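One structure is given here, and the rest of the page talks about it.
The shown structure was predicted, so the numbers you read here are calculated from the model rather than taken from an experiment.
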Amino acid sequence: MNLELSYAQSLDAADSLAGFREQFIIPEEHGQQQVYFLGNSLGLQPKNTGPYIQKVLDQWAKHGVESFFMGDDPWLNYHDHLVGPLAKIVGAHPSEVVVMNQLTVNLHLLMVSFYRPEGKRVKIICEAKAFPSDQYMFETHIKALGYDPEEVLIEVSPRTGEVTIHQEDILAAIQQTGEELALVLWGGVNYYTGQLFDMEAITRAGHAVGAKVGFDLAHAAGNSELQLHAWKVDFACWCNYKYLNGGPGAIGAAFIHERYHQDKTLNRFAGWWGYEKNTRFKMEKGFVPMESAEGWQLSTPSPILYASLRASLEIFETAGFDSCLQKAKQMAAYLRFLLEQISEANPGKFHILTPAAATARGCQVSLLVKQGGRELFDELTRKGFFVDWREPDVIRLAPVPLYNRYEEIWRFAQVLGG
């Protein structure tokens, strides 16, 4: 790697995924495309999103409610377009993936099935200062079961003076809690620092002491390599509007390992859309769930939200998720190289919060700006960079493989180091 613009341009010229940028709508200001580094917050809109939604609207206009059964693409089977691509992205069988609700709703639903406190096995291990989706879910769900969150939750924190969490501290907390541990529910990637965790090791450690293990993959799905089935993860939930470009408030998704699909001892909050498909419309008494992750569905889904997500997933299918991961790693390494050069030349300007090891990070990089952070953020915004500001002193950005260029990373570094 080197610091020259020509090097970044050579990477773009050799990029096999470069053409996929044309399938997204890039924000413009005064006719100039902006640099969008906020895939960690809301992914860009694919150009096919509008046409796919319009097709659903046209079908609704023509067939009304019969659109569930009639037309070129009956809504009753629309879910099938989504689970195959998503399964490849999260490392699962299609039957283990369900597209439904939104992140926090799905976390509550799967807590019903997988957090079953009994006797002294009541504890939950989670990361300290998790995103509020997790924090507030834990607080209210635990209270609803008659327990005190202060007594149930074990939060693993960074060590004094540090910002990321040591993997060995997570494993130690699991081992020490032992037979009191009912559940480990951890974030795949920390939203603030961008730290990627070793989910396979966490799962193995949790199972070794008899606990269930689940993950909030809001910042990991579409951003990192996942093998949920092979790792034997019990369950996971994620949103689809960040790296997966499903649109603001996009419909969420969940993973439930196949070993639970026929387990009738599991508690669940049931709804009619989770009922066995062939006899669902008989509406008979007594819940008979589909023997797949779809058995956790509640209500009739929105084909409009399905269509929005489908537009993005088809791009991933064409590009190949392995190719996306490879480019994402290369982009992250290039960004890290430039940041380290700037930091060496300007000691004290900023500190990189995100771990250096490639195995401990995804696309996101978080920078703690020691002086004038807000002013730097405002300057980046004026110069056409979409990045994220977190009070009081952190800038987050995430170059992603489908629509970002290496030259954009180089240009960002010029402004940051200027």
Side-chain angles (χ1 to χ4, degrees), residues 1-24 26-40 43-44 194 196 223-224 243 319-320 322-373 375-389 394-418:
M1 295 186 191
N2 64 52
L3 300 173
E4 301 301 321
L5 171 60
S6 59
Y7 179 74
Q9 292 172 333
S10 71
L11 293 175
D12 283 324
D15 177 16
S16 64
L17 298 181
F20 289 97
R21 176 183 172 92
E22 301 305 317
Q23 297 190 35
F24 291 87
I26 311 297
E28 293 187 0
E29 187 74 25
H30 305 301
Q32 182 71 35
Q33 284 189 340
Q34 307 292 282
V35 177
Y36 194 84
F37 283 158
L38 282 180
N40 60 310
L44 288 184
L196 169 65
N223 175 30
S224 57
Y243 297 99
D322 287 344
S323 297
C324 292
L325 285 176
Q326 182 179 359
K327 181 181 174 183
K329 292 174 183 176
Q330 291 173 344
M331 295 186 94
Y334 179 56
L335 174 59
R336 185 88 191 192
F337 167 77
L338 294 179
L339 292 175
E340 288 173 350
Q341 302 305 307
I342 296 169
S343 185
E344 289 179 12
N346 302 272
K349 184 169 186 175
F350 60 80
H351 173 67
I352 305 173
L353 299 180
T354 309
T359 55
R361 54 177 162 80
C363 296
Q364 179 183 320
V365 171
S366 297
L367 304 175
L368 190 155
V369 185
K370 297 180 180 179
Q371 291 185 343
E375 291 76 12
L376 175 59
F377 170 78
D378 290 340
E379 181 184 4
L380 287 164
T381 302
R382 284 194 302 271
K383 293 189 175 179
F385 293 91
F386 279 76
V387 294
D388 180 55
W389 174 252
V394 170
I395 290 175
R396 304 186 308 161
L397 65 148
V400 299
L402 285 176
Y403 52 75
N404 284 130
R405 295 170 172 162
Y406 291 93
E407 184 174 339
E408 292 178 325
I409 297 174
W410 183 89
R411 288 167 53 198
F412 170 80
Q414 299 308 298
V415 177
L416 189 68

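- Pairing each heavy atom of A8 with each of W410, the nearest pair is CB-CB, 3.9 Å.
- When atom types are taken as modelled, the side chain of R336 and the backbone of A357 share no donor-acceptor pair closer than 3.5 angstrom.
- Using a 4.5 Å cut-off on side-chain heavy atoms (C-beta onward), D15 and Q330 make no contact.
- For the ring-ring contact (aromatic ring centres under 6.0 Å, His included) test, residues two or more places apart in sequence or in another chain that qualify with F386 are Y36.
- How far CG of L335 is from CD of Q364: 11.0 Å, rounded to the nearest 0.5 Å.
- Using cut-offs of 30° and 60° for the angle between ring planes, the F412 and F385 rings count as perpendicular.
- By the side chain to side chain donor-acceptor pair (under 3.5 Å) test, Q326 pairs with no residue at all, sequence neighbours left out.
- You'll find the side chain of L380 stays beyond 4.5 Å of the side chain of L397, heavy atoms only.
- Shown here are the side chain to side chain donor-acceptor pair (under 3.5 Å) partners of D12, two or more places apart in sequence or in another chain: there are none.
- Nearest heavy-atom pair, G348 versus K370, reported as atom, atom and distance to 0.1 Å: O-CD, 3.2 Å.
- A398 approaches Y243 most closely through the heavy-atom pair CB-OH, 3.8 Å.
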Checklist entry - F350 and L368: side-chain contact (heavy atoms from CB on, under 4.5 Å), yes or no, with the steps? => result CA-CA 5 Å; F350 60 80; L368 190 155; over 6 Å; no
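- Closest of all the heavy-atom pairs between L367 and V365 is CD2-CG1, 3.8 Å.
- When atom types are taken as modelled, the side chain of N404 and the backbone of V400 share a donor-acceptor pair closer than 3.5 angstrom.
- Shown here are the side chain to side chain donor-acceptor pair (under 3.5 Å) partners of K383, two or more places apart in sequence or in another chain: E379.
- Nearest heavy atoms, F24 versus L44: CD2-O, 3.8 Å.
- Q371 places no side-chain N or O within 3.5 Å of a backbone atom of V369 that could act as its donor or acceptor partner.
- Listed by first then second residue, pairs satisfying side chain to side chain donor-acceptor pair (under 3.5 Å) with a partner in residues 342-362 number zero, not counting sequence neighbours.
- Looking at heavy atoms from C-beta onward, F37 lies in side-chain contact with I409 at the 4.5 angstrom threshold.
- By the 4.5 Å heavy-atom criterion applied to side chains, N40 and C363 are not counted as neighbours.
- Pairs passing the salt bridge (Lys or Arg N to Asp or Glu O under 4.0 Å) check and including a residue from residues 407-418, sequence neighbours excluded, read R21-E408.
- In plain terms, the two heavy atoms of L402 and A319 that are nearest each other are CD2-CB, 3.9 Å.
- The aromatic rings of Y334 and Y7 sit tilted, their planes meeting at an angle between 30° and 60°.
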